[in-house]
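A short worksheet on the structure shown next.
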Amino acid sequence: MPRFTVHVRDEWLTIPCKDATCSIKWLGFEALKRYIKNKPDNGGIEHIKDVCFAVRRCQGFGLLDNDDTIEDVLEDDDFVELAIEGDTMSQDFIPSQPGTSHLTRAYREPEQYISLDGNSLTSTDLVNLGKGLYKIKLAPEAEEKVVQSRELLDTIVKENKVVYGITTGFGLGSPLSPERTRMLLALRINVLAKGHSGVSLETLHSMIQAFNASCLSYVPEKGTVGASGDLAPLSHLALGLMGEGKMWSPKSGWADAKYVLEAHGLKPISLKPKEGLALINGTQMITSLGAEAVERAEAIARQADIIAALTLEVLKGTTKAFDSDIHELRPHPGQKEVALRFRSLLDSDHHPSEIAESHRFCDRVQDAYTMRCCPQVHGIVNDTIEFVKKIINTEINSATDNPMVFAERGETISGGNFHGEYPAKALDYLAIGVHELASISERRIERLCNPSLSELPAFLVNEGGLNSGFMIAHCTAAALVSENKVLCHPSSIDSLSTSAATEDHVSMGGWAARKALRVVEHVEQVLAIELLAACQGIEFLRPLRTTTPLEKVYDLVRAAVWNIAGPYIEKYCMEYIPESRPSSPTAFALDPPLSPRKRVRLDRDMSLEEDTRWLEWVTKQFESIAGDDKEIDLDEFKTALKVKESFFAERFFALFDSDGSSSISLDELLEALDLLIHGSETDKLRFLFQVYDVDGSGSIDPDELRTVLKSCLRESAISLPEEKLDDLTLALFESADKDNSGSITFEELKAELENFPEVMENLTISAANWLKPPDLEQKKRKTPRYLTRAYWHNNSRKLLFLCLYALLNVLLFIMAMLKNAHGGPWFMVAKGCGQCLNLNCTFIMVLMLRRCLTWLRATWVVRILPLDQNILLHQIVGYAILIFTIVHTGAHVMNFARMTQNDGMYQLWEYLFTIRPGIGWVNGTASITGVVLQVLICLMVVCSSTFVRRSGHFEVFYWSHLSYIWVWALLIVHCANFWKWFVVPGVVFLIEKLVGVAVSRMGGLYIVEVNLLPSKVTHLVIKRPPFFHFKPGDYVYINIPVIAKYEWHPFTISSAPEQQDTLWLHVRSMGQWTNRLYEYFRQPESQTISNKRLTASLRNRRHESRTQDDAVELTMYRTSGTRTNSPKPVCDPVSQAELGDTCPVAKELTAKLSENHRYCNIKVMLCGRTFWHPDPTDLCIGACGAYRRWNRHHSFCIHFAEYYVPLSHEKAKLPQLQLFLVDFIWINRDQKSFEWFVSLLTKLEMDQADEEPEGRFLEMHMYMTSALSKNDMKAIGLQMALDLLAKKEKRDSITGLRTRTQPGRPDWAKVFQKVSEEKKGKVHVFYCGAPALAKVIKAQCEHFGFNFYKENF
């Protein structure tokens, strides 16, 4: 489907087109509909049908006829502009034609003015006006002269005298850049300000207003012969001011001139008599380009002396040739000036040079001309520039109009001031003169690169080969010098007659000015090459140093170049091990292997394609975030970066905003991101240091560090008291402040970070995900997990059983078909499905024998059959029954239809709904019972679907599933052979039910105690049944009628088997049932518990002593900042009570516990199920996930605690088991999620600390996903401080455990790889958490061959 991008006012809209035969008018109205829809006020449009508009291409501005079809005039992905009648040109519309702007995107309207009077403007002022550094205003005396001249012309017109008319011209080529157009307009205004052109003051003010608004006409660079001035370029300049042709401004880009003027509140110029000639007659194009050329030539001439001095020092030249007495004998000003500069830069008593001293007594008599004759060669260039500059400055303030108006004489005189010979000849001379700087510079580059002339390595590189050094750089310089030789041919020696031989001698000054600029550009480039080569040559003379000013030049070049290129070179050297030998046409090799260096670069470095894609993505994201001004302000930056803490957003914004404009441009954003993504470690560290250096003093004091760490805590959603924040600050500060100076410098911070090598690997701002392009779709698809060898290996029991199950069904189906072949194909299919239904309807009953299956799991049978998968098998068999039933019924219907047609004894409806045909072994009821069975089975399957069970109507699933009794009863009636399949499992099933009823009658089960723990965890204490036995790893199905009468949910038993009186369950609130459970017990006790106060009081007393004995010790931080720690309690509540006082902390804890703790007597039903029993030789990994908002506990370590703790007790009766090696991985979203389980983990840590190292079995790993990772700039300081304080206090500041809580999520591939490499034995992985994370962990288990188990909590 083709799509088109339409620009309507301030919005770009993508319009898909299903039918390419639609008209352009349809496209316009479709764009208007979308535009109105996006605007709260409908964009000011009341009725879309009343809108008149024009559609034109963005490329070339071609208008499109509204009646044209889209397929005839547009192509897919074309860009078009919809111009609504009455609208001005939208200010942010910058089409691609004609030409592009070189004016900076960050253009700011200047505030300072330059007064023009026609006499005092210099070339320097003109260039600054071109750069947009100043506005223009007229001097009062200039206004007076302009008025007088205009009055004279008005008088002449009134007297009907003949006056010279107006002409226009044509131009070609690319337009002048906005900077050069500004210079041209400014210069024309200056000439008119002299008051001899007869232009009106109104017109002159309009031109000044256009200049100050940077409304610049489209002026082609070619087309002037410099005869009657620059007629063609100046005509185009005037055309835009008149509202015709094209114009450019920083706000509008290229657009129609009238729209640009209107958008800036300006009116087109309305010409009066003689004003046409006044605007187009003059040498301003030649002069403005010449002014730029002479200014740049003057600058490069000064730099050429410095560069040549540096080269002379590298080539060990002598300073004797620059003796002042020599140059007094030939006292040209330029020569003397250059010699003076050389003396001030080279070896002297004021600036001694170690390099010069090293060859003072060498046997060299004199230097080559390129060094010795610099004053003579450079000197004439300086004098030439000075000569040309005088001519150009004179021309800048000259009246070059025709005819000239002399108000004081009262007449107009035609003359030839418009002729461009003066600036043309001067600029030809400038090109010839300045070229010599490049010519002599290229020879010096040759001497630097040639070892026979310089005593330096060839091409200024130690080891040639792949690194060609400055060889190609020298070739470039030679090419530019050769090109200059052609450009230096004088254009002003040529002349062609034009304008019907009236203009029979012309200056060709336009070409003289343009080629002079090109020559100057080439000279700049050649001298830049020499500067780099000279700096490279200095390297080979180290440790000798040159003079102080030349060392400053060297440092400046290295600071500008090395800081950017250095890290890449260092990386190349570190990764470069063997030499890489690229293939060539003359070499032969049989598929040489990829070199290690190239392999590393391909793996680590961003490719050109990736870099281009990243750049496009950042640009796209920038445009979507920035407003109409194409700049990102602080609020937009905060929104895009998704930074929680404004401190970091403000600090990053301040560093991104390099020009201090309070907004970020695309160039600034790309520059900063390039540093953060592609920059060296030093660059990133310096950026980090600037973030921490809040006051910009160049060092970080403790208060600044505390401010940063406080913001880090908020960003990572960690809450710590003020005292703990002070501890963190001091821990990091004292570690980093090596010299005890009271502040941290950049070098000290860098040294501190070297202790955390993993931090610097990918240091960046992780929140900037909006700047990361989406991953490209992988062309090569991975093999589905279910088809991998690892999956089949790890699920062999289940898959083998399913294969046998399927094979048995196939065999029964085929045998039944063959046995009933006499009845025809439909009858054979029906009988085959019927036999399979016998099997499956019986097998599904076997899968419901929970007590028998539980008993079998404790035997060797569990190693052969997938007993743990009975629920999955139940679902599979259920769907198989549905499929076989549908096919069975359909086949019978088709067979009945065939029988109806063949014998005609009964109609189809009689076969289906009556007993007349006598089909079936019980009074011909097979058809009727079959229809009922079909309806019941379909109803059961539908009601067991997920959307029914989880929609809050679980009772629908429960009651519909009870119809299995009717299904079995009807099957016995329906099928003659089903009872033979059913009898044995049916009897067992009946016995199981009777036993269950008897056990439930013997003693009811009740929830006797409830604890509401943090993270919405409900701890249930259930009275343990007398005959209930279990082992660690078992879980039960639980039903609580007061919560939901029919729902059963599985939960792992979290108490030890030795705990005889009660069972513990920990239930995490994450769904409807679990949330209702938590809310039920959170209500006031009077609403949930019986009002028998005496009974409740007695029960509370009986539990009181046990509660005190089993009380857990918690490390918790209160809002007041006071910390209570279990090993050293702040006060003892018992002893304080004996003394008649109550500890305030105890009051707080008691109040909190009483609020979340309750005794009760609530009916509950359990159905037991064994999950797993550990093997003493197993290595185990427990993982509990807090994935997004899911936060579940993995009770795995509790089971091992239950094995472990009794072993350390004298009365433990458990068998002596070999201790396990357990990795317990707990992942939580935030800090509070750790609280409810910390007490048990603390006890485990303390118990293990008392053991010998070989007796310790548990290793814990804590992760908090809300905390930013260590390589995030917003968290690196905090994580360093937490590490340092944890080492100092032997305790984690977040949880109070000895185990350090890590930020982010674990790298599962590394975790499993490490466990695999340890080879400690058989590995079991137990997981409880979100299904999404379960898939990831299960895939890793299959890859490494570990056993995976999923627990329920």
Side-chain angles (χ1 to χ4, degrees), residues 786 798 801-803 805-806 808-810 812-813 816 829-850 853 866 868-894 912-913 925-975 977-978 981-982 985-986 989 993 1037 1039 1044-1050 1071-1073 1167 1169 1331:
Y786 298 106
K798 180 179 72 174
F801 183 84
L802 289 175
C803 290
Y805 165 75
L808 181 59
N809 277 278
V810 171
L812 289 173
F813 185 85
V829 172
K831 286 297 183 179
C833 291
Q835 190 71 340
C836 292
L837 283 170
N838 287 336
L839 169 67
N840 286 278
C841 290
T842 305
F843 184 45
I844 203 167
M845 183 193 304
V846 173
L847 295 173
M848 296 167 64
L849 301 175
R850 289 200 180 108
L853 293 176
D868 294 333
Q869 304 287 337
N870 71 313
I871 295 180
L872 174 64
L873 294 175
H874 183 93
Q875 294 174 341
I876 293 173
V877 174
Y879 286 118
I881 290 173
L882 176 65
I883 295 170
F884 284 129
T885 303
I886 293 173
V887 177
H888 176 77
T889 303
H892 270 309
V893 171
M894 296 301 296
L912 293 175
F913 302 112
T925 58
S927 295
I928 296 175
T929 55
V931 172
V932 176
L933 281 168
Q934 182 70 68
V935 173
L936 285 175
I937 291 173
C938 290
L939 182 65
M940 290 174 67
V941 172
V942 171
C943 292
S944 65
S945 301
T946 304
F947 74 91
V948 175
R949 289 186 285 112
R950 296 186 179 179
S951 62
H953 302 287
F954 191 86
E955 63 275 7
V956 175
F957 161 72
Y958 179 81
W959 284 110
S960 64
H961 241 57
L962 284 180
S963 59
Y964 67 80
I965 300 173
W966 294 104
V967 170
W968 287 332
L970 290 171
L971 281 172
I972 293 174
V973 176
H974 178 79
C975 179
N977 296 316
F978 179 71
W981 293 79
F982 179 78
F989 182 80
K993 288 296 180 183
Y1037 283 86
N1039 170 258
K1045 190 173 182 180
Y1046 307 108
E1047 295 187 35
W1048 292 78
H1049 295 274
Q1072 290 184 358
W1073 188 88
C1167 181
R1169 176 182 176 186

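This is a predicted model, so every value here is computed, not measured. All residue numbers in this chain count up from 1 along the given sequence.
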Q: Could you tell me the separation between the CD1 atom of Ile881 and the CD1 atom of Ile937, rounded to the nearest 0.5 Å?
A: 6.5 Å
Q) Can you find a pair of side-chain heavy atoms, one from Tyr964 and one from Leu936, that are under 4.5 Å apart? A) no
(Q) Please report the interatomic distance SG(Cys975) to CG(Leu970), rounded to the nearest 0.5 Å. (A) 12.5 Å
Q: Find the distance between NE2 (His892) and CG (Leu912) and round it off to the nearest 0.5 Å.
A: 10.5 Å
Q) Do the non-hydrogen side-chain atoms of Trp966 and Leu933 ever get within less than 4.5 Å of each other? A) no
Q. Quick one: does Ser945's side chain have a donor or acceptor within less than 3.5 Å of a partner on Val942's backbone?
A. yes
Q: Report the C-alpha distance between Phe978 and Val973 in whole Å, list the side-chain angles of each, state the deciding distance to 0.1 Å, and finish with yes or no for side-chain contact (heavy atoms from CB on, under 4.5 Å).
A: CA-CA 9 Å; Phe978 179 71; Val973 176; over 6 Å; no
(Q) Classify the ring geometry of His961 against His874: parallel below 30°, tilted from 30° to 60°, perpendicular beyond 60°. (A) tilted
Q: Check whether any side-chain heavy atom of Phe982 sits under 4.5 Å from a side-chain heavy atom of Met845, and report yes or no.
A: yes
Q. Within a strict 4.5 Å, meaning less than it, do heavy atoms of the Lys798 and Leu872 side chains meet?
A. yes
Q | For Asn840 against Cys836, the heavy-atom pair lying closest together | A | ND2-O, 2.7 Å
**Q.** Straight-line distance of Leu962 CG to Met940 CE, nearest 0.5 Å
**A.** 8.5 Å
Q. Parallel, tilted or perpendicular: which describes the rings of His974 and His888, with under 30° parallel and over 60° perpendicular?
A. perpendicular
Q) Under 4.5 Å between any side-chain heavy atoms of Asn809 and Phe884, yes or no? A) yes
Q: Calculate, to the nearest 0.5 Å, the distance between atoms CZ and CG belonging to Phe813 and Leu837 respectively.
A: 10.5 Å
Q: List the steps, then state whether side-chain contact (heavy atoms from CB on, under 4.5 Å) holds for Leu812 with Asn838.
A: CA-CA 10 Å; Leu812 289 173; Asn838 287 336; over 6 Å; no
**Q.** Which atom of Val941 lies closest to which atom of Tyr879, heavy atoms considered
**A.** CG1-CE2, 4.0 Å
Q) Does Phe843 reach the side chain of Met848, with side-chain heavy atoms less than 4.5 Å apart? A) no
Q. Does one side chain, of Thr885 or Gln934, offer a donor that lies under 3.5 Å from an acceptor on the other?
A. no
**Q.** Heavy-atom side-chain contact between Phe913 and Ile928 under 4.5 Å
**A.** no
Q: Decide yes or no on side-chain contact (heavy atoms from CB on, under 4.5 Å) for Leu939 and Ser963, but give the supporting numbers first.
A: CA-CA 10 Å; Leu939 182 65; Ser963 59; over 6 Å; no
Q: Check the pair Trp968 / Phe989 against side-chain contact (heavy atoms from CB on, under 4.5 Å), numbers first and verdict last.
A: CA-CA 12 Å; Trp968 287 332; Phe989 182 80; 4.0 Å; yes
Q. Minimum heavy-atom separation for Cys943 to Ser960, with atom names?
A. CB-OG, 3.1 Å
Q.
Restricting to non-hydrogen atoms, name the atom on Tyr805 and the atom on Ile876 that form the minimum distance, rounded to 0.1 Å.
A. CE2-CG2, 4.5 Å
